[in-house]
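Sharing a structure with you now.
Basis for what follows: all heavy atoms, side chains included, without hydrogens, waters or symmetry-related copies. Here, residue 1 is the first one in the sequence, and each next residue gets the next number. Order of appearance sets the numbers: ligands from 1, and atoms from 1 within every ligand.
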Amino acid sequence: MPQEKMPFTKEQLEDIISIYPTPFHIYIEKDIRENARRLINAFSWAEGFKEYFAVKATPNPYIMKILKSEGFGADCSSLPELLLAGKVGIGGEDIMLSSNDTPAEEFIKAKELGAIINLDDISHIAYLEKHAGLPDIISFRYNPGNRKQGNAIIGQPQDAKFGLTHEQLFEAYKMAKNMGIQRFGIHTMLASNELNPGHFVETAEMIFKLVVEISKNIKISLEFANIGGGIGIPYKPEDKPVDIESLSKGIKEKYDTIIRTNNCHPLKLFLECGRMITGPYGYLVSKVRHIKKTYKNYAGLDASIADLMRPALYGSYHHITIPGKEDLPHNRVYDLTGSLCENNDKLAIDRKLPELETGDIIVIHDTGAHGHSMGFNYNGKLRSAELLFRENGEIIQIRRAETVDDYFATLDFEGLKTFTA
Ligand SMILES: *Cc1c(COP(=O)(O)O)cnc(C)c1O
């Protein structure tokens with residue numbers, strides 16, 4: 001039976017649960033820091049390398065502050081995400097706004113914070129100028145169309161709503177240059193949860209070649225190339241983690257043969273990963289509320305897909321450990337359900353597990369990114385708390401669970417009194 005690393009014992013979890021009732025997401029500071037350092041280390045050859053953490057993965061200021069202290073910036077794509085970065089003390093060009101269908105207020109806020117603005121469309125140059133004024137530095141998101149393969153989650157580039165076409169990209173730099181902008185960068189993001197390091201090497205190669213072409217044709221120099229996020233994590237026990245060191249080595253070879261030989265050095269390399277930064281270091285902890293045996297065996301949890309949407313949205317696998325029962329034979333088959341009135345409210349389907357009982361603790365792995373943040377209130381479900389397992393062993397609550405009052409906060413019960421129906 002496949003086992004995955006557990007950062008806590010059953011006894012530790014019971015202690016935590018006695019203070020913070022299930023369900024909750026818990027993040028492991030030590031592992032997040034070690035992983036962050038490994039990434040930065042792997043790219044130590046790249047002058048000015050920066051990882052802009054994709055805030056949407058885990059928009060919690062405590063997590064962002066930890067990552068800031070490791071030298072990360074913030075990749076934001078909404079006004080609240082920009083405000084969060086500001087609250088954590090991330091500012092200036094440590095923020096990248098990579099949004100799409102962007103409202104004016106995001107451009108205004110980004111400009112105010114001194115963030116790098118990455119435009120998703122050629123028409124946004126004029127829109128940005130009109131609403132926020134032109135920035136010092138501008139970046140464009142490139143969509144290669146059928147020049148490059150995408151991947152399963154993100155789809156093929158020519159079908160993706162993101163970015164500028166090849167032709168538009170050259171036009172956009174020309175326009176920006178003619179408007180007096182003097183600093184430039186380039187961005188692309190073509191994969192999501194991609195486990196093949198070769199994909200990122202190919203993307204870097206494509207972007208580096210483009211940098212050379214743009215520099216020569218438009219006679220500008222580009223300061224950075226942001227090759228996006230999308231580095232995958234091993235959700236399944238048999239998946240292999242992306243070898244960051246070999247990925248980095250592959251990119252360095254392309255950098256040396258394309259950027260250096262064409263005199264486009266220095267070009268700073270940026271990443272904006274979310275999933276690979278925090279994903280494996282977060283866990284959704286839940287308990288079995290009911291065991292139900294009908295045509296199938298169901299374990300009804302106190303968590304649902306409102307706490308972790310990925311299994312319902314993408315059919316994703318999340319590994320599950322039953323603390324205290326790790327070594328028992330996994331000879332039962334269960335669907336692990338939540339209490340939503342939707343039959344796709346299943347955190348696992350046909351999962352081989354040891355025999356479950358009411359009250360068993362269920363640990364769902366790899367929920368540190370795109371987990372809590374994708375939560376929703378459908379069916380009156382309240383979002384769970386988020387906890388942080390600190391390096392010194394302390395457990396702190398970094399977001400409380402929602403209450404019914406939170407759920408009702410946007411409703412007007414005063415007005416209802418005089419509303420006649
Ligand atoms: C979602 C997103 C990311 C992060 O993706 P991960 O899969 O979490 O690495 C980075 N950049 C942009 C523009 C995104 O939309």
Side-chain angles (χ1 to χ4, degrees), residues 25 27 32 35-36 38-39 42-43 50-60 63-64 67 72-82 84-85 90 94-102 106 110 115-121 124 139-144 150-155 157 159-164 185-197 199-200 203-204 207 224-235 239 241-242 244 247 269-282 308-310 313-314 316 318 366-374:
H25 288 264
Y27 311 110
I32 291 174
N35 183 52
R38 187 172 167 205
L39 180 71
F43 283 95
K50 194 154 197 95
E51 150 70 17
Y52 290 82
F53 175 62
V55 173
K56 75 170 190 266
T58 320
N60 188 296
I63 301 294
M64 291 166 71
L67 294 172
F72 286 16
D75 163 42
C76 304
S77 49
S78 66
L79 183 65
E81 288 178 5
L82 286 167
L84 259 181
I90 303 176
D94 286 346
I95 301 177
M96 174 102 60
L97 176 72
S98 274
S99 78
N100 67 91
D101 190 20
T102 310
E106 277 175 35
I116 298 176
I117 296 175
N118 181 37
L119 297 184
D120 186 63
D121 189 49
H124 292 187
S139 170
F140 297 102
R141 178 170 186 163
Y142 174 54
N143 181 330
N151 89 337
I153 288 194
I154 216 164
D159 297 325
K161 67 171 179 167
F162 304 114
L164 288 74
I186 188 167
H187 171 279
T188 199
M189 163 133 179
L190 303 178
S192 182
N193 195 29
E194 177 61 57
L195 286 169
N196 172 15
H199 175 93
F200 299 96
T203 300
I207 283 292
F224 71 81
N226 182 338
I227 59 166
I231 296 178
I233 60 169
Y235 285 103
D239 287 344
V242 175
I244 291 296
L247 184 153
L269 180 69
F270 294 164
L271 285 178
E272 51 182 26
C273 291
R275 187 185 318 275
M276 70 88 53
I277 306 300
T278 52
Y281 317 113
L308 182 66
M309 184 158 45
R310 300 189 68 262
L313 191 60
Y314 312 116
S316 309
H318 279 262
D366 304 312
T367 73
H370 311 294
H372 187 283
S373 62
M374 288 179 113

Sidechain N-carboxylate O distance under 4.0 Å for R275, D366: no
Polar side-chain atom of D94 near backbone of A74 as donor-acceptor pair, under 3.5 Å: no
Donor-acceptor contact below 3.5 Å, side chain N35 vs main chain M276: yes
Plane angle bin for H318 and Y235 - parallel if under 30°, tilted between 30 and 60°, otherwise perpendicular: perpendicular
Atom pair CG/NZ of D75 and K56 - distance to nearest 0.5 Å: 7.0 Å
For ligand 1, run through the N/O pairs with the protein that fall under 3.5 Å and put one pair on each line.
residue, atom, partner, partner atom, Å
ligand 1, 8 (O), G274, N, 3.3
ligand 1, 8 (O), R275, N, 2.7
ligand 1, 8 (O), H370, NE2, 2.7
ligand 1, 9 (O), G230, N, 2.8
ligand 1, 9 (O), G274, N, 2.9
ligand 1, 11 (N), D75, OD2, 3.3
ligand 1, 11 (N), E272, OE2, 2.7
ligand 1, 15 (O), K56, NZ, 2.7

T188 side chain vs Y142 backbone, donor-acceptor pair below 3.5 Å: yes
